[in-house]
Structure formats: C-alpha cells, structure tokens
Amino acid sequence: MSEPHDGETDEGALEELLAFIRDARGFDFTGYKRSTLGRRIHKRMTDVGLRAYPDYRDLLETSADEFDALFNTILINVTSVFRDPDAWTLLQREVVPELLADLSPDQEIRVWSAGCSSGEEAYSLAIMFAEALGIEECLRRVKIYATDIDEEALREARSGLYPVKVLEPLPAELREQYFEQNGTQFSFRPDLRRRVIFGRHDITRDAPISRLDLLVCRNTLMYFNVEAQTQIIDRFHFALRPSAFLFLGKAEMLLNDADRFEVVSMRQRIFRRRAGDAGLPYHPAPLKIRANKGVELHSVARTRQLRDLVLDATPTPAIAIDDDGVVVVVNSQARSHFSLTASDVGRPFQDLEISYRPVELRSLIDQSMHERRSLRVNRVERRTGEDVQYYDILIQPLAGPNGLHIATMVSFTDVTVPTQLKSEVKRVREDLETAYEELQSTNEELETTNEELQSSIEELETTNEELQSTNEELETTNEELQSGNEELDTMNDEMRIRTEELDEARAFLEAVLTSIAAGVVVLDSELKVKSWNRGAVDMWGLRSDEVMDEQFFTLDFGLPTDVLQPVVDECLASRKRSGPVGVRALSRIGRPITCDVFCSPFDGHNGGVVLMMEESRNGTSD
C-alpha cells in the first residue's frame with residue numbers, strides 16, 4: 001500500500017482523483033470546496049481501509065459499487081417537507097401573492113427546484129401553489145422543474161413515495177388532501193405529480209432553465225468554492241425573469257450582488273431580481289485554472305464557455321459527430337428531446353438510439369460527408385408513447401480551414417407546431433442579439449469600475465468569504481449530525497423500554513420479598529448482604545440501608561452469626577439446601593427466642609446463599 005501524501009503532493013493526488021471521477025463517470029466535482037470534498041473522500045477511504053488517493057483510484061477502477069458508495073457519501077441528501085417552516089411561511093404569505101399579482105391570470109408559472117434531492121422540496125412547492133391558486137388552476141398554470149445530479153435521489157423523488165415519518169411536519173389535513181396511502185407509505189397525488197418534472201442536471205455545467213418566476217436552491221451553493229458559486233449565480237440570474245424571486249438556504253447569501261438582486265428577507269434568504277435589470281444572458285466567469293505559478297488561463301476558457309453557452313441557447317436540438325463517427329457535441333435541447341446526457345459525448349454515434357430512430361441517420365451522414373453538401377429530411381415522424389412529433393432534420397458537413405471534412409452537424413427542427421416554433425426562434429434570436437450588445441457595453445464599464453473598486457473591497461471580500469465559509473461548514477456538520485441524532489433517539493427509546501421492564505421486575509421481586517413474613521437475607525459469594533427483607537427488619541430491628549453490602553458475619557444484632565458460619569460454608573461448598581438450624585437469639589425488642597435458620601444456595605449473579613430465618617414454633621427459650 002502507498003504511503004499517504006502530504007502537502008502539495010496530497011493536493012495534486014486529490015485533483016488527479018477528481019479528474020478520473022469526471023472522465024470515468026461524468027461527475028465533475030472540481031468546483032466543490034476542497035476541505036469538504038477531501039473530508040468526505042477520506043471518510044470513504046477509511047471505511048474501506050485505504051490511506052492514499054492512488055490506492056483508492058485503483059479500487060474505483062475495479063469496483064462499480066464503490067462509485068455508488070462514494071457518491072452517496074459526497075452528495076449528502078438532507079431535506080424534508082417544508083424544511084425551515086418560518087421561511088416557507090414567509091414565502092407563502094408574502095412572496096407568492098406578490099408573484100401572482102405580477103402575472104396575468106392565463107400566464108404560466110415556472111418554478112425550478114435546483115438540487116431537489118429526494119423530492120420533498122419540489123412537492124412542497126406544488127402544495128404551496130395548489131393552496132394559493134386552488135387545485136384546478138394549479139394544474140393548468142404551474143410547472144415545476146426539479147433537478148439534481150444524484151440519479152439515486154432522483155429515482156426516489158420520481159416515485160413520490162414517502163414513509164409516514166417523512167410527512168410528520170405536514171398538517172394532517174394537507175397530508176390527507178395531497179397524499180394517498182400506499183401500503184406502509186404515502187404517495188403524492190397523481191394529477192399534481194404530473195406538474196413536477198424531475199431530471200438530472202449539473203448546475204455548474206448544464207444550461208439553466210429559463211424564464212422562471214421562482215428559483216429555489218437551498219443549501220446547495222455552500223458545497224462549492226467561490227469561483228463555482230459565481231458561475232452558478234450568473235446562471236440563476238439569467239434563468240430568472242425580471243422581478244422574479246430566488247430562495248436560498250440558511251448558510252447562503254448574495255452580499256456582493258446588490259446591483260442585480262434586492263433583498264426581500266435576509267433572515268430567510270429570499271431575494272428578488274431587480275426589475276430594471278437588463279436581463280443579460282449568463283456568462284459565468286471561467287474557473288481559474290492553477291498552473292505551476294498560478295497563471296490564469298482566462299481568455300481561452302472564456303471563449304470556450306461562450307461558445308458552449310451560445311450552442312446551448314440554440315432553440316433546436318443539435319448533435320455534432322466528428323470524422324471518426326464519435327459524438328463531440330450534444331446541446332441542451334438534444335439532451336431534453338432525445339433523453340441524451342453529457343456522458344454520451346465521446347461515445348460512437350452508432351451506439352445511440354437517435355442514430356437509427358426515428359430515421360436512419362448514419363447512411364445520410366456518410367452521404368453528406370462524401371458529397372460535401374447538406375441534406376434535409378422533412379417531417380420525420382417520432383412516436384413517444386401516445387404522442388407523435390414531426391421533425392425536419394438537417395445534416396450539414398463541416399470543413400476546417402484547409403477545406404477537409406472535420407465533423408457533421410445534425411439539427412432537428414420540431415415542425416409539429418411550426419408557427420409557435422418560428423415565433424420562439426425569432427424571439428430567442430432577438431433576445432440574444434440585444435443581450436450581446438448590452439453585454440459588450442456592460443463589460444467595458446465593469447472593467448473600468450472593477451479597477452477602481454478592487455483595492456477598497458479586497459479586505460472586506462476576504463473577511464466575508466471566511467465568515468461565509470465558516471457558516472457553510474457548520475451547516476454541513478449539522479446536517480451530517482442529524483442522521484446520528486436520529487439513531488441516538490432510537491437507542492434512547494430502546495433503553496427506556498428496557499429500563500421500564502427492569503423497574504417492573506425489580507418492583508415485583510421487592511413485593512415478593514416484602515410479602516414473606518419470615519426474615520430473608522441474601523448473601524453474595526463474598527458473604528456481603530445483598531437483600532434484607534421487611535421480615536428481617538421486623539425480627540432484628542436493622543434497616544436494609546444499614547446492612548446493605550456489609551459483611552454478614554461482622555453485623556451486631558440479636559442473632560449470633562458465628563454459629564451459622566459452618567452452615568453457610570457447607571452450603572457454599574455443597575450447593576445444597578440445609579436446615580433448619582435452631583439458634584438461640586434475641587429479637588429486636590430483646591425477647592429471647594429460638595430462631596430456625598434455613599440455608600439455600602443462591603444461583604443468581606455471582607453465586608452466594610439465601611438465609612431464611614423465622615421464630616421456632618416449638619417455643620422460645622428462657
């Protein structure tokens with residue numbers, strides 16, 4: 001096994017592991033905070049008995065199950081129905097009425113739950129709007145997009161099934177109205193369920209959902225570093241229409257975005273995109289790639305990002321295949337329409353269903369490449385269940401500067417509703433042209449302003465980042481402890497039940513000993529008093545607390561205990577009952593009596609004997 005890495009070597013090994021995870025499984029964690037990410041990966045490495053990142057990478061290469069275990073460790077899914085009730089109350093009483101007042105009665109309401117985990121938050125949104133609008137109007141107007149990077153959590157969310165414990169925060173009347181019992185679980189009502197659309201989405205890489213009225217992203221940003229958070233907020237800003245609302249988690253704030261967002265409630269982390277905002281398309285600043293001396297490869301990354309963002313903003317699905325038949329580009333519309341994912345980039349085109357259904361594209365691509373001309377196939381029928389769609393497909397060969405073929409672009413135009421589609425394309429094109437003009441002007445102004453403000457805000461920015469990082473780490477720790485607290489509650493309940501059973505058994509035994517008129521004394525293996533019943537108290541006048549754990553043969557009372565020493569020793573040795581042995585004694589009131597003593601072995605804890613003493617019925621001695 002390799003020795004553990006230290007310092008820069010350890011950091012480099014972590015970066016190599018993250019690159020491997022990204023390339024192998026399509027999960028890009030490079031924008032996550034290294035402190036949180038390193039701690040969770042180390043936890044998983046400890047669970048499997050490894051100390052070094054290269055050893056753990058070897059395990060990932062040979063075990064597909066370990067990938068699932070690692071992702072479940074990194075992607076902690078902590079959520080609940082109407083989590084943080086005070087924030088939801090403010091949202092329902094003040095934000096939603098204002099949101100509805102800004103829309104016409106027939107206008108669609110678009111909501112996005114980013115980082116939805118197992119779905120409780122998305123269904124809470126559906127309930128909130130159903131209560132505000134009524135079921136019928138909610139079904140007609142509200143559309144909720146719920147996304148997450150964790151496929152396992154999305155499977156649970158799509159099922160809409162939850163145990164009764166998950167629904168405890170929900171009032172009984174709401175649970176009865178919006179959930180139906182299904183065996184031991186409860187399922188969300190089917191008609192509203194169809195208004196919630198779940199899908200896998202990486203908020204650091206995939207194009208955002210646009211024209212939103214409300215965007216909810218709670219306790220997700222805190223896992224990312226500052227550069228990634230900046231990109232995500234840029235995407236959120238683009239996704240929201242002017243005057244729309246942004247609802248964040250308790251550990252997240254927008255202290256440096258006052259020019260784009262106004263505060264509705266800082267305490268509950270509710271913000272609003274400013275109405276006068278120009279509505280520019282998002283252009284997240286490229287992540288700073290650290291070279292050996294910290295060189296920032298800014299312009300290349302920026303150009304690449306702008307190119308990808310423009311392609312993703314294209315309203316028609318598009319796929320690019322290189323000269324070797326490998327998929328090199330799949331835009332967001334293609335992923336949405338044809339169930340493709342980012343991981344399909346790099347796969348042979350012939351392995352994808354879209355290559356032969358609804359029409360054989362491979363031969364058309366070959367024809368277009370050899371003839372060096374564009375081909376068009378009109379009104380291709382595509383059936384998905386009971387729905388039928390028609391596409392115009394354009395196959396375009398792409399040539400490099402030297403005139404040689406380098407790739408083929410395949411674009412799909414939905415002609416099912418051509419008038420609506422043309423209007424949408426025209427509107428998007430006009431928005432993009434206007435946005436780019438405004439973007440150029442704004443960038444020039446920002447560059448001048450940033451140079452003037454940089455020196456004055458650096459100190460404040462550093463302090464703010466440190467405080468925010470501390471808050472986010474504490475929030476993460478609290479969430480990790482939540483599951484531990486639930487286990488402790490379960491253990492406490494079990495201990496309480498066992499304690500009650502033990503108390504009941506002890507009370508029963510004490511009642512039995514108390515009801516015996518004769519004196520009963522229990523001695524342990526060291527001949528110390530372990531039980532002294534009421535009969536013994538009445539006979540000899542000593543209370544149980546006076547004799548407990550005392551050596552029996554050193555006690556001073558009316559019974560000459562030295563006479564019983566041989567009897568007790570014999571009983572301990574033979575483990576057989578003996579007696580009665582008549583012993584002359586004095587009762588607690590000083591009256592001479594003859595006491596019959598029976599000695600029995602005690603088979604309880606650590607052995608011992610039981611002495612039963614009662615006054616002889618043959619009379620007392622004088």
Side-chain angles (χ1 to χ4, degrees), residues 481 484-622:
L481 290 175
N485 288 337
E486 293 176 354
E487 294 178 0
L488 288 175
D489 289 341
T490 302
M491 294 176 62
N492 286 336
D493 291 341
E494 294 175 355
M495 292 296 295
R496 177 180 55 78
I497 293 171
R498 293 182 181 178
T499 301
E500 290 174 355
E501 293 174 352
L502 183 59
D503 290 341
E504 183 178 352
R506 182 181 292 110
F508 175 78
L509 291 176
E510 289 178 355
V512 171
L513 289 175
T514 301
S515 64
I516 298 175
V520 177
V521 178
V522 179
L523 307 181
D524 64 11
S525 59
E526 296 178 359
L527 302 183
K528 291 182 179 181
V529 176
K530 289 300 178 184
S531 179
W532 186 276
N533 79 334
R534 185 181 296 278
V537 174
D538 294 338
M539 182 175 290
W540 308 118
L542 292 177
R543 300 190 310 273
S544 61
D545 60 334
E546 295 176 323
V547 299
M548 195 61 62
D549 290 326
E550 297 290 334
Q551 284 285 345
F552 177 75
F553 292 105
T554 64
L555 295 177
D556 184 14
F557 61 101
L559 180 68
T561 57
D562 56 335
V563 177
L564 298 176
Q565 182 75 55
V567 178
V568 172
D569 291 342
E570 175 62 21
C571 183
L572 285 172
S574 65
R575 308 305 297 168
K576 294 183 179 179
R577 189 172 186 271
S578 64
V581 177
V583 180
R584 292 180 180 276
L586 294 177
S587 69
R588 67 183 177 84
I589 61 175
R591 181 171 62 85
I593 62 173
T594 298
C595 180
D596 289 339
V597 181
F598 296 83
C599 185
S600 302
F602 179 56
D603 295 327
H605 182 67
N606 293 331
V609 297
V610 178
L611 300 177
M612 188 174 73
M613 299 167 286
E614 59 182 355
E615 185 177 348
S616 175
R617 296 186 180 181
N618 295 329
T620 61
S621 60
D622 295 328

Asker: Salt bridge (charged side-chain N to carboxylate O under 4.0 Å, His left out): which pairs involve residues 555-577, sequence neighbours left out?
Answerer: Arg575-Asp603
Asker: Give the minimum heavy-atom separation between Met548 and Val529, together with the two atoms involved.
Answerer: SD-O, 3.6 Å
Asker: Contact between Leu611 and Phe552 at the side-chain level, heavy atoms closer than 4.5 Å - yes or no?
Answerer: yes
Asker: Report the distance from atom CD1 of Ile593 to atom CZ of Arg584, rounding to the nearest 0.5 Å.
Answerer: 11.5 Å
Asker: A side-chain contact here means heavy atoms from C-beta on lying under 4.5 Å apart; do Val597 and Val567 qualify?
Answerer: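 Result no, sub-4.5 Å side-chain heavy-atom pair not found.
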Asker: To the nearest 0.5 Å, how far apart are CZ in Arg496 and CZ in Arg498?
Answerer: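 So the CZ of Arg496 and the CZ of Arg498 are separated by 12.5 Å.
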Asker: For the atom pair SG (Cys599) and CG (Leu572), what is the distance rounded to the nearest 0.5 Å?
Answerer: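 The SG atom of Cys599 sits 7.0 Å away from the CG atom of Leu572.
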Asker: Rounded to the nearest 0.5 Å, how far does CD of Glu501 lie from CD of Glu504?
Answerer: 8.0 Å
Asker: So do Leu564 and Leu559 actually touch side chain to side chain, heavy atoms under 4.5 Å?
Answerer: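 When only atoms from C-beta onward are counted, Leu564 and Leu559 do touch, with a gap below 4.5 Å.
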Asker: If you count the non-hydrogen atoms of other residues, nucleotides and ligands that lie under 6.0 Å from CD in Glu500, is the total more than 12?
Answerer: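 Enclosed: over 12 neighbouring heavy atoms sit under 6.0 Å from CD of Glu500.
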Asker: Which residues satisfy the side-chain hydrogen bond (donor to acceptor under 3.5 Å, both in side chains) test with Asp503, sequence neighbours excluded?
Answerer: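 side-chain hydrogen bond (donor to acceptor under 3.5 Å, both in side chains) check on Asp503 returns Arg506.
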Asker: Atom NZ in Lys528, atom CG in Leu523: separation rounded to 0.5 Å?
Answerer: 12.0 Å
Asker: Do the non-hydrogen side-chain atoms of Met539 and Cys595 ever get within less than 4.5 Å of each other?
Answerer: yes
Asker: Taking the side chain as C-beta and beyond, is there a heavy-atom pair between Val547 and Val521 under 4.5 Å?
Answerer: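 Sidechains of Val521 and Val547: no contact.
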Asker: Specify the closest pair of heavy atoms between Met612 and Val520, including all atoms of both residues, with the distance to one decimal.
Answerer: CG-CG2, 4.3 Å
Asker: How close do Asp549 and Lys530 get, counting heavy atoms only, and between which atoms?
Answerer: OD1-NZ, 2.6 Å
Asker: Side chains of Val583 and Pro560: closer than 4.5 Å at any heavy-atom pair?
Answerer: yes
Asker: Rounded to the nearest 0.5 Å, how far does CG of Asn492 lie from CD1 of Ile497?
Answerer: 11.0 Å
Asker: According to ring pair (Phe, Tyr, Trp, His ring centres under 6.0 Å), who are the partners of Phe557, at least two apart in sequence or on a separate chain?
Answerer: Trp532, Trp540
Asker: Does the side chain of Thr561 come within less than 4.5 Å of Gln551's, by heavy atoms?
Answerer: no
Asker: For residues Val609 and Cys571, report the shortest heavy-atom separation together with the two atoms involved.
Answerer: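 Closest approach of Val609 to Cys571, heavy atoms only: CG1-SG, 4.0 Å.
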Asker: Give me the atom names and distance for the closest heavy-atom approach of Glu550 to Glu546.
Answerer: CG-O, 3.8 Å
Asker: Within the distance-only criterion (no hydrogens, no angle test), does the side chain of Asn533 pair as donor or acceptor with the backbone N or O of Ala518 below 3.5 angstrom?
Answerer: yes
